[in-house]
Structures are given as structure tokens and as C-alpha cells.
Amino acid sequence: RVFNDIVFVSDENLQKYKDEIKAIIKRENLSNLKTFSLDDCFEHQDYATMREHLVSNFAPSLDYIRAQVKSDDSVKRMFNGIHRFMKEDLSFLNGDLSRNQIMKKSKALAYEVIQRSRAWDQLLQKHFPATLRLSIHPYPLTHAKFGVQLIPSSDVWATPWHNVVVKYGDSYTLVKRKAAQEMGAKMKLLGGKYAYYQAG
């Protein structure tokens, strides 16, 4: 709920995603797992208002983030990774935009993603002050979050949101959809959902 409006995911689709996570937890009897989202913090408000409250109460300014990107190499690397993802998404979803428009818009969105991420960090720190936070994104060892790569990939920034899963025998890896198709992978059903399998 924190980012979906700026990464082109509707609140309705996000709700389906949340419901499916809860269904998996229930189906697999994962009694030690619980979910937490903006919905649990700002009840009885529309989603846009929830995000506005998050940013106004917990986020640093965009000017501060821009200055950090210029002065801190680790923040710059994170920004560049997010910027790359946003460019890919915009190019795919908005084919009518020029390259310059995509660069400009994706850069602005990347700063917003970092701003909301910082706000979410602060909100979680308030609600769960004594927790260890894990992430599927890479972070330096001194960061408050620890990056954990759950599925092997050729790119440390690869996530299920920007790649497809290819099955090699009993193992899985993340690759770009185009690369999966070029290697002859075919889309097949796995647990009622489509996943890529390597041909042969």
C-alpha cells in the first residue's frame, strides 16, 4: 500500500495480492506469520489519505533525498537501481512517451519511492522498535535492513516484480521475460498460477 500508486499497481490488485498472502498463510498453517500494512495504521481512511499521512508524518523531504543521492554512494546505488526499474516499467506501460519524458518521469518517481520507503521505515520503527528487518533488495552491512536473496539471479537487484521465474530441474532462478523466452522457456501452470519452465 505504501508504493503501489507510484509503481502502477491499483489498490484493487494490491488487495487481491494481500488476500492471497493471507490465504497462503492460512492454507499452509503458518501460524507464526502475520501481515502488517498501512491498513493497520490508518483505519477508516481512503488509501490516498493513508499515503499522504505516511509521507507528511514520517518522510524526509525530497530535497534531502536528492542531496543524499549526490553525496552518499550507497544511496546513489539504490537510487540508480530504482531508477532503472522505473524506466523499464514506464517504457513498457507508456509506449507513447519519448525517451526524455521517460527519463524525467522515472527519475521523479524513483525519488518518491525512496521517500516513501524512508517513511515506511520510520513508521515500522515506531510500531516494532525491537525487530530485525529483512529485505529482498541488497543493502550495505551497516544498513538497518538486511538483504536476503531468496531466489538465485544474475542481478542482485532482480525481484519477482521485474522478472519471471524459470525452473531448472528442481531449482529456480529469476530472469527477464525476454531472456526466458529466448532460452525456450514455456509458460505453464504451477499451483494455479503461471510460471516459466525451461524447455526440455
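Nothing fancy with the numbering, it's 1 onward along the sequence.
The shortest non-hydrogen separation linking Leu54 to Arg116 is CD2-O, 4.4 Å. Minimum interatomic distance between Val175 and Ala180 (heavy atoms only, all atoms of both residues): CG2-CB, 3.8 Å. The shortest non-hydrogen separation linking Leu134 to Val148 is CD2-CG2, 4.2 Å. Taking both residues in full, the closest heavy atoms of Phe58 and Gln122 are given as O-CG, 3.7 Å, listed atom of the first, atom of the second, then distance. Across every non-hydrogen atom of Leu30 and Ile24, the tightest pair is CD1-O, 4.3 Å. When all heavy atoms of Cys41 and Phe36 are compared, the closest pair comes out as SG-CZ, 3.3 Å.
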**Request:** Start with the C-alpha gap between Ile25 and Lys34, add the side-chain angles, then the distance that decides, and say whether side-chain contact (heavy atoms from CB on, under 4.5 Å) holds.
**Result:** CA-CA 8 Å; Ile25 290 172; Lys34 293 180 175 57; over 6 Å; no

side-chain contact (heavy atoms from CB on, under 4.5 Å) between Glu20 and Arg27: does it pass, once the steps are laid out?
CA-CA 10 Å; Glu20 181 62 21; Arg27 183 169 63 246; 3.9 Å; yes

Please report the C-alpha distance between Ser56 and Glu52 in whole Å, then the side-chain angles of each, then the deciding distance to 0.1 Å, and finally whether the side chain to side chain donor-acceptor pair (under 3.5 Å) criterion is met.
CA-CA 6 Å; Ser56 63; Glu52 287 171 11; over 6 Å; no

**Item:** Audit row: Arg51, Asp11, salt bridge (Lys or Arg N to Asp or Glu O under 4.0 Å) steps and yes/no
**Value:** CA-CA 12 Å; Arg51 290 185 281 265; Asp11 284 306; 3.3 Å; yes

Item to complete: Apply side-chain contact (heavy atoms from CB on, under 4.5 Å) to Asn100 and Lys104, showing your working.
Response: CA-CA 6 Å; Asn100 283 343; Lys104 187 175 180 180; over 6 Å; no

- Task: Go through the steps for Asn80 and Arg84 under the test side-chain contact (heavy atoms from CB on, under 4.5 Å), then give the verdict.
- Result: CA-CA 6 Å; Asn80 288 338; Arg84 177 165 55 105; over 6 Å; no

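No side-chain donor-acceptor contact under 3.5 Å links Thr131 to the backbone of Arg133. Judged by distance alone, with hydrogens and angles left aside, the side-chain atoms of Asn4 form a donor-acceptor pair with the main-chain N or O of Val9 at under 3.5 Å. For Thr49 (side chain) and Gln45 (main-chain N/O), no donor-acceptor pair under 3.5 Å exists by modelled atom type. Judged purely by atom type and a 3.5 angstrom limit, Asn13 has no side-chain atom pairing as donor or acceptor with the backbone of Ser10. Without hydrogens or angle criteria, Arg118 side chain to Ala59 main chain gives no donor-acceptor distance under 3.5 Å. A donor-acceptor pair under 3.5 Å is formed between the side chain of Thr173 and the backbone N or O of Pro152. Of the possible donor and acceptor atoms, none in the side chain of Gln68 sits under 3.5 Å from a partner among the backbone N and O of Ile65.
Atom CG of Asp96 has more than 12 neighbouring heavy atoms from other residues, nucleotides or ligands inside a 6.0 Å radius. The number of heavy-atom neighbours closer than 6.0 Å to CZ of Arg99, taken from other residues, nucleotides and ligands shown, is 12 or below. Counting non-hydrogen atoms of other residues, nucleotides and ligands closer than 6.0 Å to NZ of Lys26 gives a total of 12 or fewer. Residue Tyr64 qualifies as open at atom OH: its count of foreign heavy atoms under 6.0 Å is 12 or below. Heavy atoms from other residues, nucleotides or ligands lying under 6.0 Å from CZ of Phe8 number more than 12.
Residues Asp39 and Ser37 have side chains that bring a donor and an acceptor to within less than 3.5 angstrom of each other. Looking only at atom types and distance, the side chain of Thr35 has no donor-acceptor partner in the side chain of Lys18 under 3.5 Å away.
Between Gln181 and Lys176 the shortest side-chain heavy-atom distance does not fall below 4.5 Å. A heavy-atom distance below 4.5 Å is not found between the side chains of Asp89 and Phe92. Looking at Ser171 and Lys167, their side chains never come closer than 4.5 Å, going by heavy atoms from C-beta outward. Side-chain contact check for Lys145 versus Asp121: some heavy-atom pair is nearer than 4.5 Å. Between Lys70 and Phe79 the shortest side-chain heavy-atom distance does not fall below 4.5 Å.
Follow the hydrophobic side-chain contacts under 4.5 Å out from Phe3 and you never reach Val55; the two are in separate clusters. Residues Leu38 and Leu124 are members of one and the same hydrophobic cluster, defined by side-chain heavy-atom contacts under 4.5 angstrom among Ile, Leu, Val, Met, Phe, Trp and Tyr.
One finds no salt bridge joining Asp19 and Lys16 here, because no Lys/Arg side-chain nitrogen approaches an Asp/Glu carboxylate oxygen to under 4.0 Å.
The CD atom of Glu88 lies 8.0 Å from the CG atom of Asn163; values are rounded to the nearest 0.5 Å.
Geometric assessment of Arg1 against the ring of Tyr47 yields a positive cation-pi assignment under the 6.0 Å and 45° thresholds.
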Listed pairs under 3.5 Å, donor-acceptor, residues 105-114 side chains, sequence neighbours left out:
unit_1	atom_1	unit_2	atom_2	d
Ser106	OG	His83	NE2	3.0
Ser106	OG	Ile102	O	2.7
Ser106	OG	Met103	O	3.1

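Aromatic ring orientation, His53 versus Phe42: tilted (interplanar angle from 30° to 60°).
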